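Single-structure report; data block below.
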Amino acid sequence: MTSRKHVCQIVPPYLMQRLNAGRLDQDNAFRAARAEHLTRVLAQRPAPEAGETTAEAGDWTVYTANNGTDLPGEKVRAAGDPESGDESVDEAATGITGSLALFEEVYGRDSYDGRGIEVVMTVHYDRDYANAFWDGTQLVFGDGDGEIFQRFTKAVDVIGHELSHAVTEHSAGLVYQGQPGALNESMSDVFGSCLKQRLLGQSADEADWIIGEGLFTESVQGVGLRNMLEPGTAYDDPNLGKDPQPAHMDDIYDGTDDNGGVHINSGIPNRAFALAAKAIGGSSWDGAGKIWYAALTSGAVTTDTDFAGFAAATIAEAGDHAEAVTTAWSEVGVAPASGTPAPDGEEPAKTVVKVRRSGGFLGRTKEGVAELAPTAAHVAALRDLVGGGVTPSKPKGADRYIYEFEVDGRSVVVHEGDMSPELRAVANELLES
């Protein structure tokens, strides 16, 4: 399990850099040192015997770091204790109680590992620390910098978000990179929002779908960190810039920052969930939330599952709501992976595949587009191609063609000299269509 350990933080690195360029380096150094420490500790920890749990269900403990960085710190409050009078401690206690109740009462999960492990939390971490994170063994919350961010226990969905990272780590184990990493972030926003709505008694239609509402100080022009229903609209501030989240695959970020855009591209599956929840109706946690949780823990979602794969998993778990879930993913430009059955009585949604050929002696560009069934051989072949993250090699020879293939909003460039006979046949057929 140690290979899955990573530090998942609520504030994206691109915002951290705007707040304090040195803070990101400090965080990276902390994560490296913490990961090394965790490896040593976990290697020495005896494996639990079959049926054994490390704590009673619902157990949690809140510590304070007293504005230092030693973890977990000084114990302040545990499950069953009265309020401490420390605002951050008591907010953490309320948030974790609600989070554990959500997973146990709605999804039948006993703590984040499914076996009742104690949840450890630390508040008052560091000085002016504008972040919250899961480090592989516990949840950590800063007090904010007082200029942009207030204390991170103030928003209950942040607490649910961080605990959900632990749930994901102990179930599908989605790697924290690229589309799987964006799904990892999205799962935390999904259950963080379900927690907030459940505590407020809101339906999916009544919810504001804001993640981190109340974290910003009054000086910031924004409502929260993310807007699940309308990605890209959470803030637009002179200091922070504009919310960069895309709402559709057409605008997906394909750079290397933020572990390949894990906090940026999570807007796409976030919107799919919000749309599905509203279409299904009632409460998000009992409707779409059950579908998303079932998909996450079904075994169909693995460490490297992408958006198309997760869409397929949710549709497979949706039952009578398959049409609503399929439509939600379609509205954000995600076609479910091959083999996903369409709702009864409907034809499978078509998948748009494209090829663009440039170069050649004449320097001409030719394009081809086709709408194919998701199970078509061309679709499967191209999904394998773009999913492999092919890095273009140097062109072999001069005046040869360069091909760009696109499917599900993802693309890859292949030089003519690297084309297999099968891929060349696909390209020629698409260019003639």
Side-chain angles (χ1 to χ4, degrees), residues 107 167-168 171-175 177-191 228 246-250 252 262 265-277 279-280 287-353 371-389 405-412:
Y107 309 126
V167 172
T168 297
S171 52
L174 290 160
V175 297
Q177 180 73 37
Q179 286 194 26
L183 282 171
N184 192 319
E185 275 296 320
S186 179
M187 296 308 303
S188 283
D189 280 353
V190 161
F191 296 119
M228 294 183 67
H248 194 278
M249 288 295 293
D250 286 348
I252 193 169
V262 299
N265 293 328
S266 61
I268 295 171
N270 274 2
R271 177 165 166 77
F273 177 81
L275 291 173
I280 291 170
K290 283 187 174 179
I291 295 171
W292 257 241
Y293 179 79
L296 179 69
T297 57
S298 65
V301 177
T302 58
T303 57
D304 59 353
T305 295
D306 61 8
F307 292 172
F310 190 76
T314 57
I315 294 168
E317 297 290 344
D320 293 341
H321 300 302
E323 181 178 356
V325 174
T326 302
T327 299
W329 285 110
S330 177
E331 288 193 35
V332 300
V334 174
S338 304
T340 304
D344 291 343
E346 293 187 14
E347 292 294 324
K350 297 292 185 180
T351 296
V352 177
V353 294
E371 290 189 350
L372 304 174
T375 55
H378 288 350
V379 175
L382 292 177
R383 281 204 176 109
D384 288 343
L385 180 68
V386 300
F405 296 91
E406 180 180 328
V407 62
D408 299 335
R410 302 172 67 188
S411 62
V412 66

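Heavy atoms only: backbone and side chains are in, while hydrogens, waters and symmetry mates are out. This chain uses plain numbering: 1 for the first residue, then up along the sequence. Nothing here was measured: the structure is a model prediction, and the numbers come from that model.
Between P246 and I268 the shortest side-chain heavy-atom distance falls below 4.5 Å. Looking at heavy atoms from C-beta onward, E185 lies out of side-chain contact with N265 at the 4.5 angstrom threshold. Considering only heavy atoms from C-beta on, V301 comes within 4.5 Å of L174 through its side chain.
With V334 as the fixed residue, the side-chain contact (heavy atoms from CB on, under 4.5 Å) test singles out one of Q179, M249, R271: M249.
Shown here for P336 and A311, the closest heavy-atom pair between the two residues is CA-CB, 4.1 Å. Taking each heavy atom of A276 and A328 in turn, the nearest pair found is N-CB, 3.7 Å. Closest approach of E331 and L275 over heavy atoms only: OE1-CD1, 3.7 Å. In plain terms, the two heavy atoms of T305 and A300 that are nearest each other are OG1-O, 4.0 Å. Between P269 and L183, the shortest heavy-atom contact is CB-CD2, 4.1 Å. For the pair I280 and G287, the tightest heavy-atom approach, listed with the atom from each and the gap, is CG2-CA, 4.3 Å.
Taking the six-membered ring for Trp and thresholds of 30 and 60 degrees, F310 and W292 have ring planes more than 60 degrees apart, a perpendicular arrangement. A perpendicular orientation is assigned to the rings of Y107 and F191, their planes being inclined by more than 60° (bins at 30° and 60°).
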Step by step, would you call F273 with D189 a side-chain contact (heavy atoms from CB on, under 4.5 Å)?
CA-CA 10 Å; F273 177 81; D189 280 353; over 6 Å; no
If you apply the rule side-chain contact (heavy atoms from CB on, under 4.5 Å), what do you find for Q177 with D304, and how did you get there?
CA-CA 9 Å; Q177 180 73 37; D304 59 353; over 6 Å; no
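One N or O on the side chain of S298 and one on the backbone of A295 form a donor-acceptor pair closer than 3.5 Å. Side-chain atoms of S330 never come within 3.5 Å of backbone atoms of T326 as a donor-acceptor pair (strictly under, hydrogens ignored). A donor-acceptor contact shorter than 3.5 Å is absent between the side chain of T327 and the backbone of A324.
Rounded to the nearest 0.5 Å, atoms OG1 (T314) and CH2 (W329) are 5.5 Å apart.
Remark: D320 CG is loosely packed, at most 12 non-hydrogen atoms of other residues, nucleotides or ligands lying under 6.0 Å away.
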